[in-house]
Participant: 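Shown below is the structure under consideration.
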Amino acid sequence: MKSFIRLENFPVVMKYWQLFLQGILVTVLLSVSTVVIGFVLAMVLAIMRMSTIRPFYSLGLDKDGHEKEYGIGHTISKFNPVSFLATAYVEILRSTPVIVQVFIIYYGVFGLIKLPSFAMFGFIKFDRFFPGVVALGMNSGAYLCEIIRSGIQSVDGGQTEAARSLGMSSVQNLRYIILPQAIKNILPAIANEFVVIIKESAITYTIGVQDIMSAVNAVKGATFIITEPLLVATAIYFCLCFPTSKLIAYFERKMRRGDKR
Amino acid sequence: METRDNVLIRVKDLKKYYNRGAIKALDGITVDINKGDVMAVIGPSGSGKSTFLRSLNLLEQPTGGNIEFDGVDITKKKIPGPDGRMVRMNIDIHRQKMGMVFQHFNLFPHKTILDNMTLAPMKVKNIPRGQAEEKALQLLDRVGLKDRASAYPIQLSGGQKQRVAIVRALAMEPEVMLFDEPTSALDPAMVGEVLDVMKELAQAGMTMICVTHEMGFAREVGNRVLFLADGRLLEQGPPSEMFDHPQNARLQDFLSKVL
Ligand SMILES: Nc1ncnc2c1ncn2[C@@H]1O[C@H](COP(=O)(O)OP(=O)(O)OP(=O)(O)O)[C@@H](O)[C@H]1O
Ligand SMILES: [Mg+2]
């Protein structure tokens, strides 16, 4: 009977340790860049979604200059094209598989735009890595946007009322009152998203990004061993994700305690 | 301008509808609020008291009617500017002159008491920090909380929080103070300390509009009482007449339940 694991295979796999090490570097670099791009994008999307741009505002006013409560004019006047675009973006990216998005970006977008093919750190193929970061960043931007939005909405509405009643503008309210309070809810969620991205980034091996999964693939190609390199990858992913989650949970608890001064 | 006499806020036929007019939270309120008035707004639950108060500084956008504050109709999107040209009405400018105190205090939990009080004067009125802090400490002293200036809101009792909320609004030097049931969320033991501050404020000549269930306060401190029911202003007058000789049947019924 063939056994699931054959111990003698591990030394064979370990000969390729350098590939795994490179894979770890790529995965971490990929995830960090993704979170940064995703966060910036998410901030922009969240601001777009919460903006109050209403080009057809005047259609919703009656003769006296008051806002109508209903009717077609009221409906049209409420339309916010900026918010609509951001919402459409978020919903589309959240409702389609990541692998489809990665392929569209790699084969579609960067099939047209030629990237310079140089190697970062002597081995990372930029023309594979970059599309991977863009695709993952665009995807996590959609998820982080919702995280930021719900973080902002979790702040008690009375805070905004108090700030506005003191004469603060909506921007001042956001900057001095809402965001400082929302960040406590947002930061742990962003850190969790980071862990999700570490795992999700494995998908980019399909477009030739040299991450941990691509190391598995390379070993398989060279030795026809598959289970053991996968177990090595499992161990690596676990060692990256599990301590990170625990660390986040620790800081989250600490922040909560700080709240109850 | 229309500010010839003593009128600070002129409310004309104010309406606020919800659900396409199915709910008439305010159904045509007309009233003038004079400088120095201490007005108590009373009425059963759901009668529109909060909606009325919150409309005055446009926390609620009225469905109809006008609110003239300092001679400016703040329900209009465009108003005549200094040179006669129409300019966009900026509600922030008017809100600075209307202090508001909420049932649940709404202090900023991430800021100290002092920072709660100096934030708006510094950011909105561009008052230098030193000056803003000096003023804040004076006000805190007035309500007996000077020694809590560096505390955070969570460290204060309900009554202390509400006193801070009142002086936070006063730090902007408003022309009128709006109170929405400022003592309703407090332990009975702390109601007195907040009412005392409000009483002192009234005696100092502040114009005040107070939605309240404290009939004793309305009678003792107020010079006018408004009775709302179903979004309408059913009766108004000096407290003595309102409480001792109520005319409207709804008011008689209401008073028999609360007094
Ligand atoms: N956002 C809203 N949507 C729908 N109806 C509303 C809304 N806000 C208030 N109302 C309704 O408007 C009416 C007046 O409400 P309001 O809060 O002004 O009453 P109130 O006199 O302050 O009552 P209370 O004494 O309970 O505070 C109520 O019937 C209420 O249900
Ligand atoms: Mg109310």
Side-chain angles (χ1 to χ4, degrees), chain A residues 52-75 77-78 151-152 154-187 254-261, chain B residues 15-22 54 57-59 61-66 73 75-79 89-111 115-117 119-125 151-155 165 168-169 171-172 174 178 180:
Chain A
T52 50
I53 297 162
R54 288 162 67 182
F56 308 114
Y57 182 72
S58 52
L59 291 179
L61 299 180
D62 59 20
K63 299 180 293 300
D64 208 23
H66 290 297
E67 276 181 68
K68 292 180 199 161
E69 289 287 305
Y70 49 89
I72 183 104
H74 167 77
T75 311
S77 80
K78 280 258 185 289
I152 286 173
S154 69
V155 178
D156 177 27
Q159 294 288 306
T160 295
E161 293 190 349
R164 298 305 305 271
S165 78
L166 286 164
M168 283 190 234
S169 67
S170 56
V171 174
Q172 286 174 326
N173 172 42
L174 198 64
R175 170 151 171 222
Y176 299 113
I177 307 302
I178 303 304
L179 281 183
Q181 295 184 63
I183 209 82
K184 275 192 194 145
N185 303 323
I186 294 175
L187 274 185
K254 230 179 135 176
M255 243 153 53
R256 288 262 164 73
R257 218 172 301 144
D259 247 6
K260 301 198 178 73
R261 254 173 303 232
Chain B
K15 293 190 174 110
K16 176 69 183 179
Y17 295 169
Y18 289 107
N19 301 354
R20 299 176 159 231
R54 293 158 56 80
N57 66 356
L58 255 51
L59 283 184
Q61 191 70 43
T63 312
N66 308 94
D73 186 349
T75 63
K76 291 280 195 291
K77 300 294 148 199
K78 300 237 165 177
I79 53 169
M89 196 270 309
N90 181 0
I91 188 60
D92 296 339
I93 292 170
H94 305 285
R95 281 184 178 145
Q96 292 169 33
K97 301 185 235 163
M98 303 191 199
M100 188 154 200
V101 177
F102 303 86
Q103 186 175 351
H104 297 285
F105 330 125
N106 297 347
L107 295 181
F108 306 133
H110 60 303
K111 296 199 170 289
D115 289 342
N116 260 274
M117 295 186 63
L119 183 68
M122 281 165 56
K123 299 299 173 194
V124 178
K125 290 174 122 186
Y152 282 86
I154 195 109
Q155 298 170 303
R168 176 177 71 178
M172 289 297 284
L178 313 174
D180 192 358

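Chain A is the first sequence line, chain B the second, and so forth, proteins listed ahead of strands; every chain is numbered from 1.
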Participant: Have a look at A:L166 and tell me which of B:M117, B:R95, B:M172, B:K123 forms a side chain to side chain contact (heavy atoms under 4.5 Å, CB included) with it.
Facilitator: B:M172

Participant: Rounded to the nearest 0.5 Å, how far does CZ of B:F108 lie from CD1 of A:I178?
Facilitator: 8.5 Å

Participant: List the atom pairs, with distances to 0.1 Å, where a side-chain N or O of residues 157-164 of chain A and a protein N or O form a donor-acceptor pair under 3.5 Å, not counting sequence neighbours.
Facilitator:
residue : atom : partner : partner atom : Å
A:Q159  : OE1  : A:Q181  : NE2          : 2.9
A:Q159  : NE2  : B:L107  : O            : 2.8
A:T160  : OG1  : A:N173  : ND2          : 3.3
A:E161  : OE1  : B:R54   : NH1          : 2.9
A:E161  : OE2  : B:R54   : NH1          : 3.2
A:E161  : OE2  : B:R54   : NH2          : 2.8
A:R164  : NE   : A:M168  : O            : 2.8
A:R164  : NH2  : B:D92   : OD1          : 3.0

Participant: Heavy-atom distance under 4.5 Å to chain A: side chain of B:K111, backbone, both or neither?
Facilitator: side chain

